[in-house]
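Remarks on the structure that follows.
Just follow the structure's listing: the first ligand is 1, and inside any ligand the first atom is 1. Everything numeric in this text was worked out from a predicted model, so none of it was measured.
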Amino acid sequence: MEIYQKSCEVLRYNKLTDTVHDVWVNAPDIAEKALPGQFVNIMVPGFFLRRPISICEVEKTNIRLVFEERGEGTRVLGGIKPGDNLDVLGPLGNSGFSVDRYSSAILVGGGIGTPPLKFAQQNLEKSAAVLGFRSKANVIMAEEFRNATVCTDDGSFGFHGNTLRPLERLLLERVFDVIMACGPKPMLRAVVALADKYNIPSEISLEERMACGAGACLGCACKTVADSIVSYPRVCKDGPVFDGKAAVLC
Ligand SMILES: Cc1cc2nc3c(=O)[nH]c(=O)nc-3n(C[C@H](O)[C@H](O)[C@H](O)COP(=O)(O)OP(=O)(O)OC[C@H]3O[C@@H](n4cnc5c(N)ncnc54)[C@H](O)[C@@H]3O)c2cc1C
Ligand code: FES
C-alpha cells in the first residue's frame, strides 16, 4: 500500500473535552486509501519523532483525527486551529479491522480508544457499540455511534461500571460475527477472555510507544503466539490491529 507524506490543511477544529481535540484535515491521498483501524503519523513542530493518531473517520478528501493531550507533543498539537497545516504521513498499519470479512460486529472502545471504531462502524452492515469512560467529563463521541451503550466507571453517565457487563449481555442476547476493540490493555485482555468464553473471534488495536513508526527500529514490537509459534510483530507495520487470540497482552 502506498504511503503519503503531505502538508495538510486543518479544515475544522472542535474541542470534545478539556483535553480531547477533534480535527478534520484535508488529505485526499490518505482519505482515498485509508482503511478502518489504520493510523497516521503526525509531525509536531519542535519534536523529532512523529505522533501516531488513528484515522477516526473519512469524508470525501478529508480525514478526522481525535486525540487526547497526554504529553508534550500532543499538548503542542492541541494548539492547532483551522487554516494551520499539519505534516501527515499515512495511511499506516496493516489492513486494519476486518470490515470486509465480517458483516456484524460488537465494537468495544475504552476512552481515547473509541475514535477508530467510528470508521469501523461506518463500514459494517450491523453493529453494536459498548463505550467505556472514567466519568461523564471524559465521555466523547457517544452520540455518534449507532446502537451504543455508554458506560462510566463512576456511574456519572450511562451504565455504571466498565464495558464488560454490557458486552457480555450482547454476547448472550444476539449473534455477532466478531468483537473489535481498542482501548487500555486491561480492557483488551478482558475483552479477549470474554471472546474466548463465547467462542467468537476478536480483533484488537494495540497502542505501543512508537519511535520510527515505519517498521525499522523494532521499538514497537509486541509478542504474539499463534499455533504455538511465538513471534514479535511490529505494531506500526504489522498492526496496530491483531487477532485477539494471538496477541499476548503483557
Ligand atoms: C497506532 C496508534 C494509534 C493511536 N491513536 C490515537 C488516537 O486516535 N488518539 C489519541 O489520543 N492517541 C492515540 N495514540 C496514542 C498517541 O500516539 C500518544 O498519546 C502520543 O504519541 C503521545 O505523545 P506525547 O508527545 O503527547 O507524549 P509523550 O509521552 O511526551 O511522548 C514521547 C514519545 O513517546 C511516544 N508515545 C507516547 N505515548 C505513546 C502511545 N500511547 N503510543 C505511541 N507512542 C507513544 C510519542 O510518539 C513520542 O515519541 C495512538 C497510538 C498508536 C500507537
Ligand atoms: S516504531 Fe519503529 S518499528 Fe515500529
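Looking only at heavy atoms of the protein, atom 43 (C) of ligand 1 is closest to E208 O, 2.8 Å. In terms of protein heavy atoms, atom 3 (S) of ligand 2 is closest to L218 N, 3.1 Å. At the shortest separation from atom 50 (C) of ligand 1 among protein heavy atoms lies P52 O, 3.2 Å. When only non-hydrogen protein atoms are considered, atom 49 (O) of ligand 1 lies nearest to L49 CD1, 3.4 Å. The nearest heavy-atom contact from the protein to atom 11 (O) of ligand 1 is E68 N, 2.7 Å. Scanning all protein heavy atoms for the shortest distance to atom 3 (C) of ligand 1 gives S54 OG, 3.3 Å. For atom 1 (S) of ligand 2, the nearest protein heavy atom (residue, atom name, distance) is G213 N, 3.2 Å. Atom 19 (O) of ligand 1 has R70 NH1, 3.5 Å as its closest protein atom, hydrogens excluded (heavy atom only). Shortest contact from atom 34 (O) of ligand 1 to any protein heavy atom: R209 NH1, 2.8 Å. Here the heavy atom of the protein found nearest to atom 4 (Fe) of ligand 2 is C220 SG, 2.2 Å. Counting only heavy atoms of the protein, atom 48 (C) of ligand 1 lies nearest to R51 CZ, 3.4 Å.
Proximity of A221 to ligand 2, defined as any heavy-atom pair under 4.0 Å, is not found for any part of the residue. Heavy atoms from both the backbone and the side chain of C217 come within less than 4.0 Å of ligand 2. By the criterion of a heavy-atom distance under 4.0 Å, the backbone of V66, and not its side chain, is placed next to ligand 1.
Short contacts between ligand 2 and A211, defined as distances under 4.0 Å to a heavy atom of the residue, involve ligand atoms 1 (S). The contact set between ligand 1 and R50, taken as ligand atoms under 4.0 Å from a residue heavy atom, comprises 47 (O). Of all atoms in ligand 2, listed by their number and element, those nearer than 4.0 Å to a heavy atom of G215 are 3 (S).
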Take R75 and E72 through the test salt bridge (Lys or Arg N to Asp or Glu O under 4.0 Å) and record every step on the way to the result. CA-CA 5 Å; R75 228 184 327 274; E72 278 305 306; 3.0 Å; yes
Apply side-chain contact (heavy atoms from CB on, under 4.5 Å) to the pair R51 and M43, showing each step before the final yes or no. CA-CA 7 Å; R51 270 44 177 178; M43 177 89 87; over 6 Å; no
Salt bridge (Lys or Arg N to Asp or Glu O under 4.0 Å) evaluation trace for K6 with D87: CA-CA 6 Å; K6 299 275 170 172; D87 183 320; over 6 Å; no
Begin from the C-alpha positions of R64 and E59 and carry the test salt bridge (Lys or Arg N to Asp or Glu O under 4.0 Å) through to its verdict. CA-CA 8 Å; R64 181 184 180 192; E59 194 185 83; over 6 Å; no
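Checked for salt-bridge contact, K15 and D22 miss the test: no charged N lies under 4.0 Å from a carboxylate O. By the 4.0 Å N-to-carboxylate-O rule, K60 lies too far from E32 to be salt-bridged with it. A salt bridge is absent between E207 and K185; no separation between the charged side-chain nitrogens and carboxylate oxygens falls under 4.0 Å.
Among the atoms of C236, an N, O or S atom is found under 2.8 Å from atom 4 (Fe) of ligand 2.
Residue contacts with ligand 1: E69 is excluded, as none of its non-hydrogen atoms falls under 4.0 Å. Taking a 4.0 Å cut-off on heavy atoms, V235 fails to register as neighbouring ligand 1.
Donor-acceptor pairing under 3.5 Å is recorded for the side chains of Q121 and S127.
A single hydrophobic cluster is seen to contain both F145 and L16, as judged by linkage of ILVMFWY side chains at heavy-atom distances under 4.5 Å, directly or through other members.
At a 3.5 angstrom cut-off on N or O pairs, G71 counts as close to ligand 1. Not a single N or O atom of P116, backbone or side chain, sits closer than 3.5 Å to an N or O atom of ligand 1. Geometrically, ligand 1 and I53 share no nitrogen or oxygen pair separated by less than 3.5 Å. Close N/O approach between F67 and ligand 1 is not found [any backbone or side-chain N/O within under 3.5 Å].
The CG atom of N147 sits 10.0 Å away from atom CG of L107, with the distance rounded to the nearest 0.5 Å.
V241 places none of its side-chain heavy atoms less than 4.5 Å from the side chain of I204.
Across all non-hydrogen atoms, the minimal contact from P166 to V130 is CB-CG1, 3.9 Å.
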